[in-house]
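Let me begin by handing over the structure; questions about it come next.
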There are 2 protein chains.
Amino acid sequence: MAGSEIRRNMPLFSIGIVMQLTDLSARQIRYYEEHGLISPARTEGKKRLFSLNDIDKLLEIKDMIDQGVNLAGIKQIYNVKKQQAAMTADEKKQAEKMQNELSDAELRKLLRKELLRAGRFNRNSQQGDLTRFH
Amino acid sequence: MAGSEIRRNMPLFSIGIVMQLTDLSARQIRYYEEHGLISPARTEGKKRLFSLNDIDKLLEIKDMIDQGVNLAGIKQIYNVKKQQAAMTADEKKQAEKMQNELSDAELRKLLRKELLRAGRFNRNSQQGDLTRFH
DNA sequence: AATTAAATGTTAGATTTTCTTACATAAAAC
DNA sequence: GTTTTATGTAAGAAAATCTAACATTTAATT
């Protein structure tokens, strides 16, 4: 599953298509980029080109937005995910301990407010559903 | 495999991307369309939007061109394919018989000239290879 | 070999899409 | 009741694509 990652990161789609596929406005998509949630590639002429992964992520974001999570929350979630992905198995155990003890105050506040608001969360697979497209 | 057909026919790609993916010039792509080999969708503003199937077909065309088949030959090949696809099993038997007897002169000429020029043909799977992209 | 036809390149001007920036507004947070 | 957040909207510029025409090269025909 090495080549598949490349393929899913290949910049292929113009913003117009992504709008249709995600039902997001151009404004929304650019705003999410502005806040670092996605980083679509660019053509020489600076037009955005989105990958399948970008679209997946936008669908995830849309889901979270629909569930009332604000951008700050979404950012934190991605930060957490990223850290976890970068951690080896036993680093994770360490982190779990830390999480339960002295995680920084702001993160705790956010996580409590955004994530623990009912079990509406993790209900669905961590991944935006793009199976209908390819 | 019903939905997958829909997905593969979904108009998603601008001509710029298709150029990169196929290594064909815009002129070539438009020329092949002009001659009915592909029929990409259009945006409201008349810009072409290509599907995965369109791209596959262009890769097939490119292969055939590279092998020295001219557009007339490619057209015939698609005509034959299309007919075959539209035929039921026993219609096919019928057709095989006919093929071996009284196919029209021009088609014979073309097929002999273009198709039977060595076994360079059918060497590769009938399908443009797009696996690297999705 | 000369001529015609097929396939592609190139250019020009028009149109469409996307870009950035700025201001406007509704909803949410404080 | 302000501020902040998320999104809408508009304007002007830049990029990508469009069609149509003519130019060039390669292949086929006579």
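Any value given below was found using the heavy atoms of this structure, including those in side chains, with hydrogens, waters and symmetry copies removed. In what follows, chains carry the letters A, B, and so on, assigned in the order in which the sequence lines appear, proteins first and then strands, with residues in each chain numbered from 1. Everything numeric in this text was worked out from a predicted model, so none of it was measured.
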query: Closest heavy-atom contact between Ile55(B) and Thr22(B)?
result: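 Smallest interatomic distance, heavy atoms only, reads CG2-CG2, 4.1 Å.
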message: Which is more 5' along DNA chain C, the nucleotide nearest Ile17(A) or the one nearest Arg27(A)? Just name the residue.
response: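 Result of the comparison: Ile17(A).
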- prompt: Taking NZ from Lys47(A) and P from dC19(C), how many angstroms apart are they, rounded to a whole number?
  reply: 7 Å
task: Give the nucleotide from the list dC19(C), dT5(D), dT17(D) with an atom nearest to the side chain of Ile15(A).
output: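 Given the options dC19(C), dT5(D), dT17(D), the side chain of Ile15(A) is closest to dC19(C).
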- prompt: Between Arg30(B) and dC18(D), is there a side-chain N or O to OP1/OP2 distance below 4.0 Å?
  reply: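 Answer is yes, contact under 4.0 Å.
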- request: For dT17(C), take OP1 and OP2 only and decide whether either is under 4.0 Å from a side-chain N or O of Ser14(B).
  value: no
task: Calculate the interatomic distance between Leu37(B) atom CG and dA6(C) atom C1'; express it in whole Å.
output: 13 Å
- request: When you get a sec, tell me which of dA7(C), dT8(C), dT18(C) is the closest nucleotide to the side chain of Gln28(B)?
  value: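 For the Gln28(B) side chain, the nearest candidate turns out to be dT8(C).
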- request: Take the protein atom CE of Met19(A) and the nucleotide atom C1' of dT17(C), then report the distance between them rounded to whole Å.
  value: 11 Å
- prompt: Whole Å only: how far is the CD atom of Glu34(B) from the P atom of dA6(C)?
  reply: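 It works out to 12 Å between those atoms.
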message: If you only use heavy atoms from C-beta on, which nucleotide in dT9(D), dA6(D), dT8(C) is closest to the side chain of Tyr31(B)?
response: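 For the Tyr31(B) side chain, the nearest candidate turns out to be dT8(C).
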message: With a 4.5 Å cut-off on side-chain heavy atoms, are Leu12(B) and Leu21(A) touching?
response: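 Answer yes - side chains close enough.
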field: Min side-chain heavy-atom separation Val18(B)-Leu58(B) under 4.5 Å
entry: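 A side-chain contact under 4.5 Å exists here.
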query: To the nearest angstrom, how far is Lys75(A) atom NZ from dA6(D) atom C1'?
result: 12 Å
query: Rounded to whole angstrom units, what separation is found between the CE atom of Met64(B) and the P atom of dA6(C)?
result: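 So the two atoms are 19 Å apart, to the nearest Å.
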query: Looking only at heavy atoms, what is the nearest atom pair of Ile15(B) and Arg30(B), with distance?
result: CD1-NE, 4.1 Å
task: Examine Lys57(B) relative to Tyr78(B) and say whether NZ or CZ is less than 6.0 Å from the centre of the six-membered ring and inside a 45° cone about the ring axis.
output: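 Here Lys57(B) passes the 6.0 Å and 45° test against Tyr78(B).
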message: Is there a side-chain contact between Ser25(A) and the phosphate of dT7(D), meaning an N or O under 4.0 Å from OP1 or OP2?
response: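 No, outside the criterion.
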- request: Quickly work out the Leu24(B) CG to dG9(C) C1' distance and round it to whole Å.
  value: 14 Å
field: Closest to side chain of Arg42(A), choosing from dT7(D), dT20(C), dA16(D)
entry: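 Shortest atom-to-atom distance from the side chain points to dT20(C).
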- request: Check the distance between dC18(D)'s C1' and Lys46(B)'s NZ and give it to me in whole angstrom.
  value: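 Distance check: Lys46(B) NZ to dC18(D) C1' gives 11 Å.
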- request: Name the nucleic acid region contacted by Arg48(B), choosing base, sugar-phosphate or nothing; use a 4.0 angstrom heavy-atom cut-off, strictly under.
  value: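 Contact class for Arg48(B): sugar-phosphate only.
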message: Can you see if the side chain of Tyr32(B) gets near the phosphate of dT8(C) - specifically, an N or O under 4.0 Å from OP1 or OP2?
response: yes
